[in-house]
Amino acid sequence: MTLYVLRRLAIGLVLAVLVTFITYLLLSPSFDDIVVSKLGPTGATPEAVAAVKTDLGLDRPIVVQYLDWLGGVLHGDFGISYFTSQPVGDAVASRLAVTLSIVLVALAISVVVSVTLGVLAAYRGGAVDRIVQSVSLIGHLVPSLLIAIAFVYIFAVKLGWLPATGYTPLSEDPVGWLKSITIPVIALVIGGIANLSAQIRGAMIDELHKDYVRTLRTRGIGTRSIVLKHVLRNAAGPALTVLSLEFLTMLGGALIIESVFALPGYGQFAFTSSLQGDIPVIMGITLFGTLLVVGVNLLTDLVNGWLNPKARVL
Amino acid sequence: MLTQSSRRRQLSRRLTAVLGASAVLATAACTGGSDSSGGSSSDGGTGASDATIALSIQAQPASLDPSLLQEGQQGYIWGSIFDTLLYLDNDGQVQPNAAESWEYSEDLKTLTLTLREGMTFTTGDPVTAEAARATLERTRTTAGPLQSRLESVTSVEAPDDRTVVIGLDAPDAGLLIALATGAGVIGDPATFDAPETALDPVGSGAYELDDAATSVGSTYVLKRRDDYWNVDAYPFETVTVRVIADATAQFNALLGGQLDAGRINPDQEQQASGAGFTVSDLIPTASATLLLLDRDGAIVPAMADVRVRQAINLALDREGFSTALLQGNAQPTEQFFSPQGPAYVEDLAGTYDFDPDRARDLMAEAGYADGFSMTLPSTVFSTTFEPTVTQALGDIGIDVTWEPQPPQSNLASIQSGKYPAAFWFEGLDPAPRQVQGHYTTDATINPFHTDFSEIEGLLADAASTTDEDQQRDAYQQIGTIAVEEALDAPIAYVGTRWATADGVEYLQNGANVFSTIRAFGVSS
């Protein structure tokens, strides 16, 4: 198992190097334009552009520039933003903390609610099933953003119970933190529940019709035990895969949520930096993003293997 | 409640009235005043109080290194941290600031500034002429957004603790404005190379960053320095500047009480007023312009013919643009320069009223009855306007193709020399800056290096006199040339309306377009 984990991590690192190198190559034709943009309409004289390019090392061969960046990363130096002068490592970490604190809470709520709804729908069937399916369908159909905007208007603008925008760190003020993430989390949870509950319901129904369930029943094992200890465990595999995808979708979807609620998060940061062509930031975001995807997929595989020995790779 | 059209008429009258009284830019001054207040009565300083203000900017500030500052909304932050040598008041007039007086030599090639006494950096060190000299010297030799502002400077000396002497290669009409804005800040030389300078610099301004309350990239909290020499000009004890990119989020923050002042759209005006906010008139800050770059016809020969450029101007329905595409946040114009500046020529209003028939006649006269084709850069600025521009120019036979540009290439595409024209929002800077940026042979936005020697001569005339009437005449001639020669095709002045909460007042009227916390005052 350790060897498997190490091998997956090594593959992840190779993937990160490849992805970041390709990203650097794709950015390279725009280097001049990025420097012009950095200098602004009046500052971008040919002399100034040349001087800044030299200062930033953008006049060197691409491979040398990339290896220089990679060498810095290996020493914990992710560079400095061209546009804001903020150290990239600090900036990405602080932005990621905002996004993760919203996404992880949203994911946890989605899991709890979805498992409850999915299990109830699959086991009880009938009206409960139809209600859960309706909830899932509505969750898919109604743009969660629309609901979030309505919530902002009601709870922030009209009632003043919650802040309309902004983020309060948990370490600063736990109550303020909770207030600042409430509406964004609701916006993310709606889509999450819609996806996950449908997936869990389907997987549970499949499992409930399998022979081992009948066997367990004939042995006199209680329904609750069968559903929660056996069926749910076996149904968790596909749900976990959807969960990992949901996590990555929420990270991507956070861009819009962050924009609407003016949250200083990862998605907004990635978007702005990409528009500007802030090379060090784009590289840092690409690296962290790749490692995050690799890490989540690895974690999913490991949890899957723990839940279901048949799914273990090694 | 005024309708949009009546409001526009009102604005038009206001702009016209203001023009009549508009102050000729302070480049005119041979000698500066020496009042110790460092500000005019139109500015917010009604005495230091314990009031607070929260407002927003749309993007995280660039570096706060004094030599790398960017002039835009982030001026609310760095303009509070740093003192500038001079100061541009809310009427657009240059006033004494850290320099209590200034004096030009007879030939206007040497400027001597005298610093006031008793100024200190936040470290407690005194502000000396050497600090001002070192900052100016560093800015003019550091490639950055401000370097070109000091292009005419050949030397900076500090003969004593209070005197700064700036040598110029030629009289510079924009120098005093430069010293009143980003290029005129005074940094602490001891911290120039410190890593934290870019994010948390040492300055001698009215405020300092509250590190504990500031979250870089999202919230900047500025605390007023009680030992500041001009503390009465800054009524707000605490200034909070939040980064909010989305306009709707900003409006929600305003309505939700998180901001005390914010820019709003016309469709938000009623809601803002209903919520108790005071809404300002439209304040022009930029002009939406179709830049006609290839005036020599280097890649599109037709563009060299003034009749073709005039035809393009006549083909644009400016009222339609302003109402439909700019959502009423606009005032139609065919002039490139600020309506409150000296280069705006009132008599030229209406020169290019929408007249496609006349435009087609001019195209025919120029030998282009069958039209021609041109490719323009499609940028984030132009996207909304492309179909309308395409249709308007198509109606007079000009076939326009838009070539998509990545966002980081917006400016570079305009400067590239690959496109004969481009859609652009031009900030309504003081006239010398706009002229230097567009209508000089080596201007950064003159990619085909069109020979503008006539305009350059007029700019030199304005720079080499201290007579305000002569300066005004020179700028008026430049404004006239720009319109009559159809150097560009301006469409409308665009601007903002400010909504302010109880207790806060917005004081600017468009004469000064720079973002400064002194644009806000405490209302009774």
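Letters go in sequence order (proteins before strands), and every chain restarts at 1. What you are looking at is a predicted structure, and each value in this text was computed from that prediction instead of being measured. Hydrogens, waters and symmetry mates play no part in the numbers below; they use all other heavy atoms, side chains included.
- Rounded to the nearest 0.5 Å, atoms CD1 (A:I149) and OG1 (B:T248) are 7.0 Å apart.
- Per-residue heavy-atom pair counts under 4.5 Å with chain B were compared for A:P163, A:S274, A:A51, and the maximum is reached by A:P163.
- Looking at B:A245, the atoms closer than 4.5 Å to chain A (heavy atoms on both sides) all sit in the side chain, from C-beta outward.
- Taking every heavy atom of both residues into account, A:G166 and B:R242 meet most closely at CA-NH2, 3.1 Å.
- The part of A:Q268 that comes within reach of chain B is its side chain, from C-beta onward, which places non-hydrogen atoms under 4.5 angstrom from that chain.
- A:K158 does not touch chain B: none of its heavy atoms, backbone or side chain, sits under 4.5 Å away.
- Using a 4.5 Å cut-off between heavy atoms, B:Q70 contacts chain A through its side chain alone, with no backbone atom that close.
- Heavy-atom distances place no part of B:Q74 under 4.5 Å from chain A, backbone and side chain included.
- Listed options B:A198, B:A62, B:G427 were ranked by heavy-atom pairs under 4.5 angstrom with chain A; first place goes to B:A62.
- B:I244 and A:A262 make their closest contact through CG2-CB, 3.7 Å (heavy atoms, listed as atom of the first residue, atom of the second, distance).
- Annotation: side chain of A:Q276 is not in contact with side chain of B:P407 (no heavy-atom distance under 4.5 Å).
- Atom CZ of B:F192 has more than 12 neighbouring heavy atoms from other residues, nucleotides or ligands inside a 6.0 Å radius.
- Contact annotation for A:A156: only backbone heavy atoms (N, CA, C, O) come within less than 4.5 Å of a heavy atom of chain B.
- When the candidates A:G277, A:S37, A:S259 are compared by the number of heavy-atom contacts under 4.5 Å with chain B, A:S259 comes out ahead.
- The distance from the OG1 atom of A:T45 to the CD atom of B:Q147 is 6.0 Å, given to the nearest 0.5 Å.
- When each of B:S409, B:G257, B:G256, B:P195 is checked for heavy-atom pairs under 4.5 Å with chain A, B:S409 comes out on top.
- Near-neighbour residues of residues 24-33 of chain A relative to chain B, defined by a heavy atom under 4.5 Å from a heavy atom of that chain, comprise A:S30, A:D33.
- Put simply, of B:V216, B:I445, B:D442, the one with the most heavy-atom pairs under 4.5 Å next to chain A is B:V216.
- When all heavy atoms of A:V52 and B:A143 are compared, the pair lying nearest together is CG2-CB, 3.6 Å.
- Below 4.5 Å, heavy atoms of chain B meet heavy atoms from A:F83, A:T84, A:S85, A:Q86, A:P87, A:R95, all part of residues 78-103 of chain A.
- A:V260 touches chain B through its backbone: at least one of N, CA, C or O sits under 4.5 Å from a heavy atom, while the side chain does not.
- B:E137 CD: more than 12 foreign heavy atoms inside a 6.0 Å radius.
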Run the numbers on B:Q408 and A:D278 for side-chain contact (heavy atoms from CB on, under 4.5 Å), then give the verdict.
-> CA-CA 9 Å; B:Q408 66 270 23; A:D278 196 338; over 6 Å; no

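- In terms of non-hydrogen atom pairs under 4.5 Å with chain A, the most contact-rich of B:S218, B:A59, B:S63 is B:S63.
- The contact between B:Q271 and chain A is made entirely by side chain atoms (from C-beta outward), counting heavy-atom distances below 4.5 Å.
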